[in-house]
Each structure stands twice: as structure tokens, then as C-alpha cells.
Undergrad: 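Here it is, the structure, as C-alpha cells.
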Protein chains: 2
Amino acid sequence: MADGEGKGAGKARVAEELASSLREQIVDGAIGAGDALPSERELAAKFEVNRSSVREALHRLEAVGLIEMKHGGATRVRDVLVSAGLHLLPFLVARGGRLDPAWLRDVLEVRVMFLSWCGEQAARRASADDVERLEAIAHELVEVHSGQRRGGAKALMSLDWDFFAALVAVTQNRVLALLTNVVREVHTRDPAKFKAIYEDGAFEPKHLVRAVDAVRKRDAAGAALAMRAHGEGALVALFPPNARGKR
Amino acid sequence: MADGEGKGAGKARVAEELASSLREQIVDGAIGAGDALPSERELAAKFEVNRSSVREALHRLEAVGLIEMKHGGATRVRDVLVSAGLHLLPFLVARGGRLDPAWLRDVLEVRVMFLSWCGEQAARRASADDVERLEAIAHELVEVHSGQRRGGAKALMSLDWDFFAALVAVTQNRVLALLTNVVREVHTRDPAKFKAIYEDGAFEPKHLVRAVDAVRKRDAAGAALAMRAHGEGALVALFPPNARGKR
DNA sequence: GAGCGTCAAGTGGTCCGACCACGATCGCCC
DNA sequence: GGGCGATCGTGGTCGGACCACTTGACGCTC
């Protein structure tokens with residue numbers, strides 16, 4: 001977030017460009033955890049930018065836990081998995097212009113957990129208005145999916161996100177709201193990448209309809225199961241079961 | 001992370017101090033979403049620091065989605081709940097030196113989800129070694145809890161975290177690993193704040209023992225239930241059931 | 001009077017060069 | 001050889017200048 005705006009060919013700020021370059025090298029392992037980065041002065045010379053800009057770029061990387069700057073000592077790369085925050089997710093999942101299958105799978109797995117839990121909590125806390133709102137989105141999804149309304153995969157993806165966001169709102173859990181902001185980053189950074197999920201026939205609005213029904217009846221377990229099924233649809237479609245259980 | 005080091009009276013970097021001050025004002029609502037911050041030059045004058053330092057502080061806030069800087073326009077405060085990332089959690093939960101009950105509750109709720117899911121996934125993927133490692137920690141917990149070994153609440157807290165971290169490792173899900181890094185921030189920023197959870201008798205190692213058994217038997221549902229019970233112990237202890245269901 | 005182009009002021013973005021504070025290292029002294 | 005201090009290189013701060021961009025007020029046209 002914040003530093004988003006990853007528009008294709010837009011003019012990027014100098015600092016963001018440098019940060020992006022370094023981030024890529026680190027994420028791809030070209031620099032490696034524990035290694036020391038060149039000094040700020042060296043980087044400034046190499047990239048032909050001012051040291052201030054270098055510092056700004058480095059600070060961005062430090063903010064997400066990618067590097068560690070120590071006064072007097074060298075600036076070193078940290079181990080992504082033990083120090084980086086979720087802000088890095090978008091860059092890990094969509095690295096080098098392609099989706100990384102391993103990371104995508106991990107994301108989809110966690111997504112199943114989220115969806116299931118959101119369903120459960122929503123069933124406990126939804127007001128009549130909330131149910132109505134969810135139902136409206138689910139209804140639209142069914143129409144688009146069945147072809148009664150146009151829009152195709154793009155519309156499905158957008159509506160599916162709306163449903164998820166609405167569900168999160170219903171849970172009234174603000175930690176989940178923050179988490180959703182991060183997920184949105186992954187989701188919207190490059191929507192085209194995820195379109196496949198909605199094109200392979202993996203998307204099935206029926207689970208969402210079931211979930212809405214369960215929420216209306218305050219059936220927490222039922223809502224959880226329905227949302228879990230929804231999430232596993234995408235997971236199974238992209239990672240067939242016969243390959244599961246082993247990693 | 002990274003900008004952590006919230007040591008009590010330590011010498012803080014100029015930029016970090018300013019960032020901390022502004023962050024507090026924003027989180028406390030003293031500035032309000034949508035409002036414009038004073039210009040960088042004004043802030044520099046008011047805080048008697050260089051504009052470079054002001055910019056560094058602002059960039060830190062921008063990195064976590066707290067503010068939005070626009071070239072040529074004003075720097076405005078964003079709505080925390082729709083744009084901030086999880087990096088803010090530590091500051092939201094422990095704001096003004098005290099734990100915010102509402103946020104703490106949201107955190108504990110999400111914790112239940114994590115624990116439950118970790119248990120489930122761990123049961124599916126644990127190797128014999130993994131089980132052994134988990135069991136060792138659980139065993140230590142039982143000993144400390146029963147008084148056979150000393151350490152008290154502090155040791156319980158530490159071991160409980162170790163168990164959680166080990167469980168996350170067993171799931172082999174890297175997204176969860178990143179998430180855990182953030183949780184660790186909340187957890188370790190000021191451990192004393194959370195000690196109450198382990199002192200009220202809310203902590204019950206028996207659930208963890210059950211979870212380990214379930215994992216050994218590859219009983220995913222059982223492990224999920226045990227870990228859920230573990231998480232709900234803390235939730236129920238701090239937020240009695242009679243107050244639940246309504247917010 | 002309404003609409004629109006122009007321009008000036010103010011903002012954030014970048015650059016430069018200098019100095020300060022701190023860590024690590026090497027080499028001297030004991 | 002072991003301890004210790006000068007030195008060098010690092011990140012941190014400073015200040016002041018200029019560039020790029022947004023904004024809004026002004027004055028012009030119609």
C-alpha cells in the first residue's frame with residue numbers, strides 16, 4: 001500500500017524505482033540474507049542518483065523489514081521469512097511479472113481459512129441489513145455466472161471481491177479489516193493475473209448463496225463450511241488434489 | 001518491525017521520534033482522516049529538525065499506509081481502517097501505554113482462527129520430528145504450569161509463543177510465516193502487557209497436549225478443535241461470555 | 001455573469017556538499 | 001601476545017538550493 005501505483009509504464013519516482021530494483025534483487029535471492037548492501041554513497045554513484053534518494057529507497061525497504069540499517073555499520077539484508085511483514089506479499093506472489101505458484105498456493109490456503117472464519121463470525125453478527133447486502137451481491141454473482149448478465153470473468157472477480165469485503169465488514173473485526181487491506185493489495189495489483197481463477201470454471205457462486213442462507217439463519221457452522229467450500233474451489237482448481245498432501 | 005526498538009527511555013533517532021509523535025496523533029484521532037498535515041517545511045520548523053528528517057519520518061508513515069503524500073499537493077491523513085497495513089497493529093493495540101481492550105479483543109478473536117487453522121494444517125503435514133518438537137514444548141508447558149518447574153507467567157508466555165511458532169513452521173505455509181512476524185511484533189513489543197493472560201488461570205496447557213496428540217494421529221479436525229479451545233481460553237478469560245455476541 | 005485560460009504561490013521531490021555519531025578495524029604500545 | 005586508541009568508513013543529520021507539480025485566485029473572453 002501507499003507505495004503502490006504500480007502502473008505499467010508510468011513514470012516512477014526515482015526513489016521508488018531504486019527501491020523496486022533492490023527489492024527485486026533481494027526477493028529473487030540475488031543478494032541473499034545476511035549479505036551487506038553497497039554503501040549509500042556507492043549506490044548513489046552506481047544508480048546516478050542523489051544519496052538522499054538512495055536513503056529514501058532504503059528506508060522503504062527497511063520499513064517492510066527487508067533490510068536492516070545500522071548506524072556506523074553496514075546495511076544488511078534480512079531473512080525475508082523471519083522479519084518481513086505482509087507488505088511484501090504482493091511482490092512475492094507476483095514476482096518477475098509472473099505469479100509464483102508456490103506463493104500463490106500458500107495465499108489460497110490462507111484464504112480458505114479467512115473465508116471460513118469470516119463466514120462463521122458473520123453468521124454471529126450479521127444484522128438484517130447485512131444479510132440483505134450480502135444477498136444482493138450473491139444474486140448478482142449468480143446472474144453473471146449463469147450468463148443472464150454480462151461481464152465475464154472480470155465482473156465475477158470484482159463481485160467476488162465485493163462479497164469478501166462485505167463479509168469482512170460484517171464481522172466487525174478491525175484486525176481483519178487491516179488484513180483485508182493487504183489482501184486487496186495482492187488482489188488488485190494486477191487483476192489480470194488472477195482472472196484465470198474465474199475462467200477455469202473453478203468459481204461457483206452456489207457456495208456463496210449457501211453461505212448467505214446460513215448467515216441469515218445464524219448458522220455459524222454452516223456459513224463456515226460454505227465459505228470453506230468456496231475457498232477450496234479455487235485451491236483445488238489451481239492445485240489438483242492428487243498433488244496435495246505433499247509439498 | 002524494523003523500526004521497532006521501542007525501548008523505554010532509549011535514545012530515539014530524530015526521524016523515528018517525529019514519526020512516533022505524528023503516528024500517535026493520527027492513531028488517537030487528533031488529526032483525523034482526510035485532514036492535511038502541515039507542510040514539510042512547517043513541521044521542520046516546529047520540531048526544530050531538518051526537512052530531510054521530516055521527510056524520512058513522513059515516509060515511514062506513508063510506508064504503513066497512514067498518510068498519503070502527493071507531489072505538489074498536501075500530505076493528507078488516510079483512513080486507518082481502509083488503507084493501513086498490519087504494521088500498525090502494535091501501535092493500535094498498545095496505544096498510549098495501555099492495551100486497548102477493543103483492539104485486544106479483535107486480536108484474540110483472530111488468534112483463535114489462526115490457532116485452529118494451524119492445528120488443522122499441522123496435523124496434515126507434520127513429520128515425526130515435528131511432532132516430537134511440539135511435544136517437547138508442550139511437556140515443558142505442563143511442567144511449568146503445574147509448578148514442577150519454575151518460571152511463572154513469564155516462562156509460560158515464552159513457551160506458549162514457542163509452541164505457536166513451531167506450529168506455524170510445521171504448516172509450511174510462508175504466508176502464515178509473514179503473518180507470524182507481525183504477530184510477534186504485537187506479542188514482544190511489551191510482553192508485560194500480556195502477562196495477565198497467563199496469570200488469571202486462563203492458560204491451560206491441556207489443550208496443547210490434546211493438540212499434539214491429534215497431530216500425531218493426523219487428526220486434523222481434532223487438532224483444530226484443541227487449538228481453538230486453547231485460543232478461546234484467553235478470549236473468554238479476558239472477555240467473559242455474557243458480554244459476547246454484542247459489541 | 002458564466003466560463004475559461006493564465007499565472008503565481010505553495011507543496012512535495014531531488015540534488016548538492018558538509019558535518020556529526022557511531023562501529024569496526026588496524027596497528028601501536030605495553 | 002594481549003589490550004587499547006587512532007583512523008577510516010558507515011549511516012544520520014544538517015541547510016540550502018532548485019525542479020516538478022497542484023492548486024487556486026485572477027483576469028480575460030464570450
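So that the names make sense, note that chain A is the first sequence line, chain B the second, and so on, each numbered from 1.
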Undergrad: Would you confirm whether B/Ser158, through its side chain, and B/Lys154, through its main-chain N or O, come within 3.5 Å as a donor-acceptor pair?
TA: no
Undergrad: Does B/Arg55 have a side-chain nitrogen or oxygen under 4.0 Å from the phosphate oxygens OP1 or OP2 of C/dG13?
TA: yes
Undergrad: If I take atom NE2 in residue A/His59 and atom C1' in nucleotide D/dT13, what distance separates them, rounded to the nearest angstrom?
TA: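 After rounding, the gap between these two atoms is 10 Å.
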Undergrad: Measuring to OP1 and OP2 of C/dG12, would you say a side-chain N or O of B/Thr75 lies under 4.0 angstrom away?
TA: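 B/Thr75 to C/dG12 OP1/OP2: side-chain N or O found under 4.0 Å.
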Undergrad: Given atom CD of B/Glu48 and atom C1' of D/dT13, what is their separation to the nearest angstrom?
TA: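 Spelled out: CD on B/Glu48 to C1' on D/dT13 is 15 Å.
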Undergrad: Determine whether any donor atom in the side chain of A/Arg41 lies under 3.5 Å from an acceptor atom in the base of D/dG11, or the reverse, and answer yes or no.
TA: yes
Undergrad: Under 4.0 Å, counting only non-hydrogen atoms across every strand here, what does A/Ser53 touch: a base, just sugar-phosphate, or nothing?
TA: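 It contacts sugar-phosphate atoms only.
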Undergrad: Cation over ring, A/Arg184 on A/Trp161, under 6.0 Å and within 45°?
TA: no
Undergrad: Using the six-membered ring for Trp and the full ring for Phe, Tyr or His, decide whether B/His71 stacks on the six-membered base ring of D/dA20 (centres under 5.5 Å, planes under 30°).
TA: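 Whether judged by distance or by angle, B/His71 passes, so it stacks on the base of D/dA20.
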Undergrad: Report, as yes or no, whether the 6.0 Å neighbourhood of atom CD on B/Glu132 holds more than 12 heavy atoms from other residues, nucleotides or ligands.
TA: no
Undergrad: So, does A/Asn50 get its side chain near the phosphate of C/dT14, meaning an N or O under 4.0 Å from OP1 or OP2?
TA: no
Undergrad: For B/Ser52 and B/Asn50, does a side-chain donor sit closer than 3.5 Å to a side-chain acceptor?
TA: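 Yes, side-chain donor-acceptor contact under 3.5 Å.
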Undergrad: Measure from CD on B/Glu42 to C1' on C/dG12 and round the result to the nearest Å.
TA: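 It works out to 13 Å between those atoms.
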Undergrad: Starting the side chain at C-beta, find the nucleotide from D/dG11, D/dG15, C/dG12 nearest to B/Ser52.
TA: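 My answer, after comparing the listed nucleotides, is D/dG15.
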Undergrad: Looking at A/Lys70, does any N or O in its side chain come under 4.0 Å of the phosphate oxygens OP1/OP2 on C/dA24?
TA: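 For C/dA24, OP1 or OP2 has a side-chain N or O of A/Lys70 closer than 4.0 Å.
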